[in-house]
Amino acid sequence: MADASCASTTPPSVNKAWIYREHGETAHVLKFETNVAVPQIKEDQVLIKVVAAALNPTDAKRILGVFRATDTALPIVPGYDVAGVVVKLGSKASKFNIGDEVYGDINEESSINLKKFGTLAEYTAAEERLLALKPKNLSFVEAASLPAAIETAYEGLKRVGLSAGQSILVLGGAGGCGTHVIQLAKHVFGASRVAATASTKKLDLLRSLGADLAIDYTRENVEDLPEKFDVVYDAVGQSDKAVKAVKEEGRVVTLIGPITPPASMFVLTSTGSILEKLKPYLESGKVKPVIDPTGPYPFSKTIDAFTYLQTSRATGKVVVYPIP
């Protein structure tokens with residue numbers, strides 16, 4: 001595990017990293033290399049000694065080449081989510097100090113202007129505005145699991161205008177984003193009733209996160225429920241079902257197309273300010289990280305972690321740790 005002591009040494013010029021030099025299936029093209037250049041930081045960036053990194057479905061899409069029209073040139077070190085220690089400051093960086101423990105989603109936009117050097121490495125660089133101080137009660141693994149998922153959950157709830165006293169249905173409540181939608185809806189936005197879907201074995205998890213109604217999607221169709229909701233948050237790409245479960249004047253947000261009107265979709269703009277805003281809820285334990293019990297995965301087993309993630313069976317987040 002990294003600690004502040006690593007900040008006293010000069011960062012190396014090369015490091016170990018997972019890198020791909022062609023697009024394709026992750027298991028075929030992602031390779032472990034020991035001599036990858038450490039990124040040079042820009043004036044508004046900091047260099048981070050990575051301690052833990054979380055995987056996202058977007059990582060696999062990027063490796064496959066879905067974003068190649070707007071992506072940076074190959075080769076690429078993938079990875080969005082990071083938790084680690086600041087070891088170097090850009091000339092105009094003033095938010096953090098060397099030795100600070102930070103976390104964040106280092107890609108400001110999820111599909112364009114993506115970084116060539118991601119988080120699946122010993123070192124990565126990020127703009128200060130994308131990062132926040134790690135809550136002291138969270139481990140690096142827990143912190144790494146949060147940024148993209150919790151920021152997406154929060155931004156989606158803001159966009160649909162969920163307010164205190166309203167009801168919400170979460171499709172995909174046990175996933176990386178859905179676990180946070182439940183918690184934020186209940187504890188931050190003040191929803192009076194939270195319903196969520198998951199498979200049979202994960203219903204107790206939904207209840208533990210704050211769901212008032214846990215729906216087994218293998219046995220019930222949400223579109224047939226007699227109850228309708230003020231807001232439906234679709235985290236699994238089922239907007240056709242979501243729009244049938246919302247009240248007539250309700251709102252539906254989805255993360256995955258195709259979109260069935262009146263549902264809307266958005267793309268996250270990463271920012272450390274959301275993490276800062278949610279810090280009190282994380283430090284109090286009202287909002288908790290949810291990490292898949294198969295992990296965390298050793299850095300050397302990153303391919304295995306991706307393979308598991310792509311089964312779409314993960315509960316919460318899949319995290320890689322420790323970074324050597």
Do any N or O atoms from the side chain of E220 and from the backbone of Y217 form a donor-acceptor pair under 3.5 angstrom?
no

Quick one: are T34 and K16 in side-chain contact, heavy atoms under 4.5 Å? yes

Take a 6.0 Å sphere around CD of Q40 and say whether it holds more than 12 heavy atoms from other residues, nucleotides or ligands. no

**OP:** Group every Ile, Leu, Val, Met, Phe, Trp and Tyr by side-chain heavy-atom contacts under 4.5 Å, then state whether V51 and V141 land in the same group.
**Re:** yes

- Is there a side-chain contact between Q310 and E25 (heavy atoms, below 4.5 Å)? yes

Check your understanding: Cluster question for you: counting only ILVMFWY and a side-chain heavy-atom cut-off of under 4.5 Å, with indirect links fine, are L114 and V66 together?
Key -> yes

Residues R207, D204: salt bridge by 4.0 Å N-O rule: yes

Residue pairs meeting salt bridge (Lys or Arg N to Asp or Glu O under 4.0 Å), one or both in residues 230-250, sequence neighbours left out, come to D230-K247

Distance-only, no hydrogens or angles: does the S239 side chain make a donor-acceptor pair with backbone N or O of P258 under 3.5 Å?
-> yes

message = Any salt bridge linking E227 with R193? Criterion: basic side-chain nitrogen under 4.0 Å from a carboxylate oxygen.
response = yes

By side chain to side chain contact (heavy atoms under 4.5 Å, CB included), I259 pairs with (sequence neighbours left out) T254, A263, M265

Residue set satisfying salt bridge (Lys or Arg N to Asp or Glu O under 4.0 Å) with D292, at least two apart, ordered chain then number -> none

Stepwise, does the side-chain contact (heavy atoms from CB on, under 4.5 Å) test hold for L157 with I168? CA-CA 10 Å; L157 291 171; I168 181 173; 3.5 Å; yes

Closest heavy-atom pair, V319 versus S145, reported as atoms and distance to 0.1 Å, is CG2-CB, 3.8 Å

Heavy atoms of I48 and A126 approach each other most closely as CD1-CB, 4.3 Å

Sorted by chain and number, sequence neighbours left out, salt bridge (Lys or Arg N to Asp or Glu O under 4.0 Å) with E155 holds for R159

Here the pair of heavy atoms bringing G165 nearest to S192 is O-OG, 2.8 Å

Contacts under 3.5 angstrom, residues 272-281 side chains, donor-acceptor by atom type, not counting sequence neighbours:
from: S273; atom 1: OG; to: T271; atom 2: OG1; distance (Å): 2.9
from: E276; atom 1: OE2; to: K95; atom 2: NZ; distance (Å): 2.9

- Side-chain (D44) to main-chain (A93) donor-acceptor, under 3.5 angstrom: no

**Asked** Is there side-chain contact between V320 and L55, with heavy atoms separated by less than 4.5 Å?
**Response** yes

inquiry  = Would you say Y233 ends up clustered with I256 if hydrophobic residues are merged whenever their side chains have heavy atoms under 4.5 Å apart, either directly or through other cluster members?
reply    = yes

Checklist line | Charged N-O contact under 4.0 Å between K115 and E127 | finding: yes

Taking every heavy atom of V181 against every heavy atom of A153, the minimum-distance pair comes out as CG2-CB, 3.6 Å

Discussion item. Let's go through L30 and I19 carefully: what are the C-alpha distance in whole Å and the side-chain angles of both, what is the deciding distance for side-chain contact (heavy atoms from CB on, under 4.5 Å) to 0.1 Å, and is it a yes or a no?
Written reply: CA-CA 6 Å; L30 189 62; I19 190 168; 5.7 Å; no

The salt bridge (Lys or Arg N to Asp or Glu O under 4.0 Å) partners of E33 (sequence neighbours excluded) come to R21

key: Cluster overlap V318 with F32, hydrophobic side-chain contacts below 4.5 Å   = yes

Which donor-acceptor pairs under 3.5 Å do side chains of residues 75-84 form with protein atoms, sequence neighbours excluded?
from: Y80; atom 1: OH; to: S110; atom 2: O; distance (Å): 2.7
from: D81; atom 1: OD1; to: A148; atom 2: N; distance (Å): 2.9
from: D81; atom 1: OD2; to: N56; atom 2: ND2; distance (Å): 2.9

Rounding to 0.5 Å, atoms CG (L282) and CD (Q183) come to a distance of 8.5 Å

Next on the checklist: Does any part of the side chain of L205, heavy atoms only, come nearer than 4.5 Å to the side chain of T315, both counted from C-beta?
Outcome noted: yes

Value for CG (N107) from OG1 (T119), rounded to nearest 0.5 Å, stands at 8.5 Å

*With a cut-off of 6.0 Å (strictly less than), are more than 12 heavy atoms of other residues, nucleotides or ligands near NZ of K88?*
no

On a heavy-atom basis, the closest approach of A60 and F306 is N-CE2, 4.2 Å

Taken to the nearest 0.5 Å, the spacing of I106 CD1 from L130 CG works out to 8.5 Å

Is the backbone of H28 close enough, under 3.5 Å, to the side chain of K31 for a donor and an acceptor to pair up by distance? yes

Sorted by chain and number, sequence neighbours left out, side-chain hydrogen bond (donor to acceptor under 3.5 Å, both in side chains) with Q238 holds for none

For the side chain of K116 and the backbone of A73, is there at least one donor-acceptor N/O pair under 3.5 Å apart? yes

**Study point:** pair H23-V29: side-chain heavy atoms closer than 4.5 Å
**Key:** no

Apply side-chain contact (heavy atoms from CB on, under 4.5 Å) to the pair F266 and T152, showing each step before the final yes or no.
-> CA-CA 9 Å; F266 73 98; T152 300; 4.0 Å; yes

Connected to I215, directly or through other members, by ILVMFWY side-chain contacts below 4.5 Å are L169, L171, L213, V222, L225, F229, V232, V236, V243, V246, V252

Under a 3.5 Å distance rule, please check whether D216 uses its side chain to pair with a backbone N or O of T218 as donor and acceptor. yes

So the ring-ring contact (aromatic ring centres under 6.0 Å, His included) pairs with at least one residue in residues 142-189 (sequence neighbours excluded) are Y154-F189

Is there side-chain contact between V85 and D100, with at least one heavy-atom pair below 4.5 Å?
-> no

Taking atom NZ of K42 as the centre, does the number of heavy atoms from other residues, nucleotides or ligands within less than 6.0 Å exceed 12? no

Electrostatic pair R129:E108 at N-O distance under 4.0 angstrom: yes

What side-chain donor-acceptor pairs closer than 3.5 Å can you find for residues 297-305, not counting sequence neighbours?
from: Y297; atom 1: OH; to: T294; atom 2: OG1; distance (Å): 2.9
from: T302; atom 1: OG1; to: W18; atom 2: NE1; distance (Å): 3.1
from: T302; atom 1: OG1; to: F299; atom 2: O; distance (Å): 2.7

Legend entry - Check: R68 side chain, G65 main-chain N or O, donor-acceptor pair, under 3.5 Å: yes

| query | Are the side chain of E128 and the backbone N or O of F96 linked by a donor-acceptor pair below 3.5 Å? | reply | yes

Interatomic distance, CG@D212 vs OG@S167, rounded to 0.5 Å, equals 10.0 Å

One should read off an interatomic distance between L74 CG and Y20 OH, to the nearest 0.5 angstrom, of 6.5 Å

Minimal heavy-atom distance between G156 and V253, with the atoms involved, is O-CG1, 4.2 Å

Sorted by chain and number, sequence neighbours left out, salt bridge (Lys or Arg N to Asp or Glu O under 4.0 Å) with E109 holds for none

Taken to the nearest 0.5 Å, the spacing of K288 NZ from L146 CG works out to 12.5 Å

- Message: Measuring only between side-chain heavy atoms, which start at C-beta, is I150 closer than 4.5 Å to V287?
- Response: yes

Review point. So, do K317 and V290 sit near enough that their side-chain heavy atoms are less than 4.5 Å apart?
Key: no

